[in-house]
Amino acid sequence: MSSHTMTRRTALASAAAVAIAAAPAAAQTAARKTFVLIHGAYHGGWCWRRVADSLEAHGHKVYAPSLTGNADRSHLLSKDVNLDTQIADIVNLVTWEDLKNICLVPHSFGGWPASGALETIHDRVASIVWLDAFKPENGQKGTDYISAYSLKAMEEAVAKGEAGRKPPAAKAFSLSAKDYAWIDSKLSPQPNGPAMQPIRLTGKRDTIARKTYIRAPKYPQAAFDKALAECKADKSWQTFVNETSGHDVMIDQPEWLADILLKVA
């Protein structure tokens with residue numbers, strides 16, 4: 001066998017080995033997804049930590065911002081914070097980070113600013129997952145639908161001239177008793193303004209190709225039950241019901257939630 005043949009075969013074998021080694025990396029890069037996780041009232045980006053860790057361990061990119069006035073941005077709480085402010089939080093993150101083909105995942109009250117943001121960023125969003133979240137229609141406002149506790153807390157805060165309302169205890173959101181001290185230490189006053197401003201929508205949320213609604217019925221909220229029923233009746237949505245989690249699914253059952261997100265994104 002000539003040295004030329006050996007050299008050629010060796011070169012081909014080396015090239016094949018490189019191609020095989022590169023294939024998984026290329027596949028991972030091609031399948032890499034970007035998730036934008038939006039928290040609900042009283043919460044912040046911190047609540048998504050376990051889900052974010054799981055998604056990132058699978059090679060995906062995750063953004064979990066705190067909206068203006070909440071959590072690590074609680075120093076910005078003021079009477080000037082409204083729904084437009086928190087919509088802009090999401091729009092500007094997506095715009096400045098130049099995010100595309102994202103999976104947008106709002107939880108609870110996060111469904112309001114997320115719906116508003118889609119009016120601007122709908123062409124950058126490949127899928128949405130509404131996690132036990134409000135699904136507002138044009139002209140509605142949060143005060144018409146928030147819980148009785150939250151509404152009473154808002155009325156008391158407004159009467160005192162305060163810009164935010166105090167959070168309930170962790171047990172209102174979670175069934176994971178071992179996490180209550182941690183959750184209570186992180187919950188922060190919810191800005192009143194976002195729930196007082198009517199939302200302006202033209203239907204961009206419905207144009208997203210892949211849409212999922214997740215309900216955790218152990219948390220009582222008629223608006224979420226209505227949203228689930230609407231999504232079940234609409235073939236463009238797929239739905240999941242978690243009968244064993246509290247409202248904060250990302251805290252109570254992060255691996256279950258991460259698995260769902262990976263399947264539907």
Side-chain angles (χ1 to χ4, degrees), residues 27 30-40 47-48 50-52 54-64 90 94 99-138 140 145 173 175 199 201-265:
R32 190 177 192 233
K33 297 172 182 176
T34 300
F35 294 87
V36 177
L37 314 177
I38 305 300
H39 65 83
C47 71
W48 296 103
R50 294 168 184 171
V51 172
S54 181
L55 294 174
E56 288 173 347
H58 283 86
H60 303 292
K61 184 72 173 176
V62 180
Y63 293 85
I90 302 171
V94 171
L99 306 182
K100 296 173 183 174
N101 297 317
I102 70 174
C103 176
L104 179 66
V105 187
H107 176 242
S108 198
F109 187 82
W112 292 87
S115 292
L118 284 170
E119 291 293 310
T120 302
I121 62 170
H122 59 93
D123 59 337
R124 293 170 175 263
V125 178
S127 59
I128 57 176
V129 181
W130 249 238
L131 175 62
D132 226 23
F134 290 99
K135 186 172 164 280
E137 300 302 330
N138 183 51
Q140 295 177 341
Y145 299 95
F173 302 115
L175 299 179
I199 196 167
L201 301 175
T202 66
K204 292 295 190 292
R205 184 181 61 215
D206 296 327
T207 68
I208 305 303
R210 297 197 298 280
K211 300 185 287 288
T212 302
Y213 195 94
I214 300 173
R215 180 72 175 107
K218 283 189 177 295
Y219 181 77
Q221 173 50 264
F224 300 166
D225 294 332
K226 181 174 181 287
L228 175 65
E230 290 173 349
C231 292
K232 279 186 173 181
D234 184 340
K235 291 182 179 178
S236 70
W237 286 79
Q238 59 179 320
T239 60
F240 296 87
V241 176
N242 187 318
E243 301 280 1
T244 58
S245 176
H247 184 42
D248 282 359
V249 185
M250 75 290 286
I251 292 174
D252 287 8
Q253 297 188 24
E255 290 302 325
W256 178 87
L257 179 55
D259 286 344
I260 293 290
L261 294 181
L262 290 171
K263 290 173 183 174
V264 303

Discussion item. I'd like to know whether NZ of K204 has more than 12 heavy-atom contacts from other residues, nucleotides or ligands below 6.0 angstrom.
Written reply: yes
Discussion item. With rounding to the nearest 0.5 angstrom, report the CH2 to OG1 distance, W130 to T239.
Written reply: 15.5 Å
Item to complete: Identify the two heavy atoms, one from S245 and one from A216, that lie closest to each other, and give their separation to 0.1 Å.
Response: O-CB, 3.9 Å
Worksheet item: Do you know which two heavy atoms are closest between A258 and L55, and how far apart they sit?
Response: O-CD2, 4.0 Å
Discussion item. Nearest 0.5 Å, please: how far is CE in M250 from CZ in R50?
Written reply: 11.0 Å
Worksheet entry | V62 versus A52, closest heavy-atom pair with distance | CG1-CB, 3.7 Å
Fill in: Partners meeting salt bridge (charged side-chain N to carboxylate O under 4.0 Å, His left out) with E230 (sequence neighbours left out)
K135, K226
Fill in: Reported CD1-to-CZ distance for the pair I128 and R210, which is rounded to 0.5 angstrom
11.0 Å
Fill in: Residue list, side-chain contact (heavy atoms from CB on, under 4.5 Å) with S236, at least two apart or on another chain
K211, D234
Practice prompt. With rounding to the nearest 0.5 Å, note down the distance linking CG in L37 to OH in Y63.
Written response: 12.0 Å
Worksheet item: Should D248 and C47 be marked as a side chain to side chain contact (heavy atoms under 4.5 Å, CB included) after you check the CA-CA gap, both sets of side-chain angles, and the distance that decides it?
Response: CA-CA 8 Å; D248 282 359; C47 71; 5.5 Å; no
Fill in: Gap between atom CD1 of I38 and atom CD1 of I90 - 0.5 Å precision
4.0 Å
Worksheet item: Are any side-chain N or O atoms of Q221 and backbone N or O atoms of Y145, one a donor and one an acceptor, separated by less than 3.5 Å?
Response: yes
Discussion item. Whether the side chain of Y213 engages the backbone of A133 through a donor-acceptor N/O pair (distance < 3.5 Å, no angle test) should be reported.
Written reply: yes
Worksheet item: Is it true that a side-chain atom of R124 and a backbone atom of I102 form a donor plus acceptor pair closer than 3.5 Å?
Response: no
Practice prompt. With rounding to the nearest 0.5 Å, note down the distance linking CD1 in I208 to NE2 in H122.
Written response: 7.5 Å
Worksheet item: Is there a donor-acceptor contact under 3.5 Å from the side chain of K33 to the main chain of L262?
Response: yes
Item to complete: Take F240 and V129 through the test side chain to side chain contact (heavy atoms under 4.5 Å, CB included) and record every step on the way to the result.
Response: CA-CA 10 Å; F240 296 87; V129 181; over 6 Å; no
Worksheet item: For the rings on F224 and F134, is their centre-to-centre separation under 6.0 Å?
Response: yes
Worksheet entry | Pairing residues for R205 by the salt bridge (charged side-chain N to carboxylate O under 4.0 Å, His left out) criterion, not counting sequence neighbours | E137
Worksheet item: Of all residues at least two apart in sequence or in a different chain, which pass the side chain to side chain donor-acceptor pair (under 3.5 Å) check with D252?
Response: S174
Discussion item. Ignoring hydrogens, what is the shortest heavy-atom contact between P217 and E243? Give both atom names and the distance.
Written reply: CG-OE1, 3.4 Å
Discussion item. Could you walk me through whether I251 and F173 satisfy the side chain to side chain contact (heavy atoms under 4.5 Å, CB included) test, starting with their C-alpha distance in whole Å, then the side-chain angles of each, then the deciding distance to 0.1 Å, before giving a yes or no?
Written reply: CA-CA 9 Å; I251 292 174; F173 302 115; over 6 Å; no
Worksheet item: Looking at residues at least two apart in the chain, or sitting in another chain, which of them share a side-chain contact (heavy atoms from CB on, under 4.5 Å) with A229?
Response: none
Practice prompt. Could you check whether the rings of H107 and H247 sit parallel, tilted or perpendicular, using 30° and 60° as the cut-offs?
Written response: tilted
Worksheet item: What residue pairs, at least two apart or across chains, pass side-chain hydrogen bond (donor to acceptor under 3.5 Å, both in side chains) with a residue in residues 253-265?
Response: S54-E255, N242-Q253, T244-Q253
